[in-house]
Number of protein chains: 2
Amino acid sequence: MNSIKMYAISELAAELEISPSTIRFYEDKGLISPERSAGNQRLYSRKHKARLKLILRGKRFGFSLAEIAEMIGYADVPLNEAEQICKSLAFGREKLEEIRRKKEDLALLEADILAMQEVLEKRLQALK
Amino acid sequence: MNSIKMYAISELAAELEISPSTIRFYEDKGLISPERSAGNQRLYSRKHKARLKLILRGKRFGFSLAEIAEMIGYADVPLNEAEQICKSLAFGREKLEEIRRKKEDLALLEADILAMQEVLEKRLQALK
DNA sequence: TATAAAATTAAAGTTGACTTTAACTTTATT
DNA sequence: AATAAAGTTAAAGTCAACTTTAATTTTATA
């Protein structure tokens, strides 16, 4: 049996906790490109699912859909020419640098909130 | 001289690399509340600047303005009652937890991109 | 003191990221 | 085979986060 498991759109949507129309929207934007059943319905593989997870992860960090697309490549671009690959590599390196900065930034955000917590704790003590 | 340095809106905007209207917009949303000059122009202190930086930092991580407002408190809420303080503390604790999760997520994102880089490098080698 | 540069407000306009709707087709269930 | 559930498309609608505009006022500069 060569039956690799494929997901229907609503099945995948449920697992990722997004709506089917969001998935279709991402397809419109060129971020993902599923296969189709005999009757033209979308079919997603585990790879497609991983790609969607990656898209959602990027989103959680405030990357725009356009940025994510450049970061992970447009779904239907073949990506076989050397030039295209080099471009993607360069973009990836940039994004890795950005992620490194985000890590620092995240530490700062944490520190800021912790400092604020301290101030609040003190105010609360002063009230008692 | 009791002249603590105050920023005019365009001055502050330039330093933070955002537009004056963005700052006004944040004020509309209750995120920041500057002083006013005799002639009714906005004046920002170093504290206001720090607050704006914090807002921008939150944004970079994909928090919405509404979330940021709850996280750091609405600018004009006095925050002196114990209940209000407790609420902010609780919210802060939640957000710290979220930041912890984001740290993990960021590591995953980095790993994903690194893995993608490897695949691309190999494809590039194969072409040569 | 004239005039240019920067601010003010309220309201309308724009953009990105979805969501909803409508009219129809495919697939699953009784 | 009938009917319900899920899928399809294109187009319109919504919402958050800004940005622009317009009409007026304040502040800085020649």
Side-chain angles (χ1 to χ4, degrees), chain A residues 3 5-45 48-49 51-72 74-76 95 98, chain B residues 3 5-45 48-49 51-72 74-76:
Chain A
S3 60
K5 158 124 197 188
M6 297 297 264
Y7 302 86
I9 194 165
S10 61
E11 201 179 351
L12 184 59
E15 290 203 19
L16 299 176
E17 300 185 285
I18 56 179
S19 77
S21 35
T22 300
I23 299 179
R24 288 190 201 101
F25 176 74
Y26 291 163
E27 185 178 340
D28 270 12
K29 296 280 142 168
L31 282 161
I32 193 158
S33 178
E35 290 173 37
R36 295 288 180 141
S37 73
N40 195 39
Q41 297 192 192
R42 293 170 175 82
L43 288 175
Y44 300 87
S45 67
H48 289 121
K49 183 175 171 184
R51 191 176 171 91
L52 265 172
K53 274 192 183 176
L54 188 46
I55 294 168
L56 297 175
R57 189 167 292 137
K59 282 222 52 195
R60 266 177 260 132
F61 290 101
F63 290 108
S64 71
L65 292 184
E67 277 176 314
I68 293 170
E70 290 213 69
M71 210 151 132
I72 69 179
Y74 283 92
D76 44 3
K95 289 299 151 179
E98 205 167 311
Chain B
S3 60
K5 158 121 199 184
M6 297 297 265
Y7 302 85
I9 194 164
S10 61
E11 201 179 352
L12 185 59
E15 291 203 18
L16 299 175
E17 301 184 287
I18 56 179
S19 77
S21 36
T22 300
I23 299 180
R24 287 191 201 101
F25 176 74
Y26 290 163
E27 184 178 339
D28 271 10
K29 296 280 143 168
L31 282 161
I32 194 159
S33 178
E35 290 173 38
R36 293 290 180 139
S37 73
N40 195 40
Q41 296 192 194
R42 292 168 174 84
L43 289 175
Y44 301 86
S45 67
H48 287 122
K49 183 176 172 184
R51 190 177 172 91
L52 265 172
K53 274 192 184 178
L54 189 46
I55 293 168
L56 297 175
R57 191 167 290 138
K59 283 220 53 196
R60 266 177 260 133
F61 290 102
F63 290 108
S64 71
L65 292 185
E67 277 176 313
I68 293 170
E70 289 214 70
M71 210 152 133
I72 70 179
Y74 283 93
D76 44 5

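Geometrically, B:K59 does not engage B:F63 in a cation-pi contact defined by less than 6.0 Å to the ring centre and at most 45° from the axis.
Atom pair B:L12:CG and C:dA7:P shows a separation of 11 Å (rounding to whole Å applied). When rounded to the nearest whole Å, the span between CD of B:E67 and P of D:dA16 equals 13 Å. In this structure, A:M6 atom CE and C:dT27 atom C1' are separated by 17 Å, rounded to whole Å. A straight line from CG of B:N40 to P of D:dT24 spans 17 Å, rounded to a whole angstrom. Between the P atom of D:dA11 and the CZ atom of A:F25 lies a distance of 16 Å, rounded to the nearest Å. Between A:I55 atom CD1 and C:dG16 atom P the separation is 18 Å, expressed in whole Å. Counting to the nearest Å, the P atom of D:dA6 and the CD1 atom of A:I23 are 15 Å from each other. A:D28 has its CG atom 11 Å from the P atom of D:dA11, to the nearest Å.
Taking only side-chain nitrogens and oxygens, A:Y26 comes nearer than 4.0 Å to OP1 or OP2 of C:dC18. Remark: A:R42 is in phosphate contact with D:dT8, judged by side-chain N or O atoms under 4.0 Å from OP1 or OP2. Proximity of A:S10 to the phosphate of D:dG7: a side-chain N or O atom is located under 4.0 Å from OP1 or OP2. When the side-chain nitrogen and oxygen atoms of A:T22 are compared with OP1 and OP2 of C:dT19, one or more of them lie within a distance under 4.0 Å. At least one side-chain nitrogen or oxygen of B:K59 sits closer than 4.0 Å to the OP1 or OP2 atom of D:dC18. Under 4.0 angstrom from either OP1 or OP2 of D:dT26 there lies no side-chain N or O belonging to B:R36. Side-chain N/O atoms of A:S37 include one lying less than 4.0 angstrom from OP1 or OP2 on C:dT27.
Among the nucleotides C:dT20, C:dT27, C:dT8, the one closest to any side-chain atom of B:Q41 is C:dT8.
At least one side-chain heavy atom of A:K5 sits less than 4.5 Å from a side-chain heavy atom of A:E11. Looking at heavy atoms from C-beta onward, A:R42 lies in side-chain contact with A:R24 at the 4.5 angstrom threshold.
Projected onto DNA chain C by closest heavy-atom contact, B:L43 and A:A66 fall at different nucleotides, the more 5' of which corresponds to B:L43. Take the nearest nucleotide of DNA chain C for A:G39 and for B:A8: the residue whose nucleotide is more 5' is B:A8. Projected onto DNA chain D by closest heavy-atom contact, B:A38 and B:S19 fall at different nucleotides, the more 5' of which corresponds to B:S19.
The pair B:E27-B:R36 meets the salt-bridge criterion, since a charged nitrogen lies less than 4.0 angstrom from a carboxylate oxygen.
In this structure, the separation between CG on A:L56 and CD1 on A:I18 is 5.0 Å, given to the nearest 0.5 Å.
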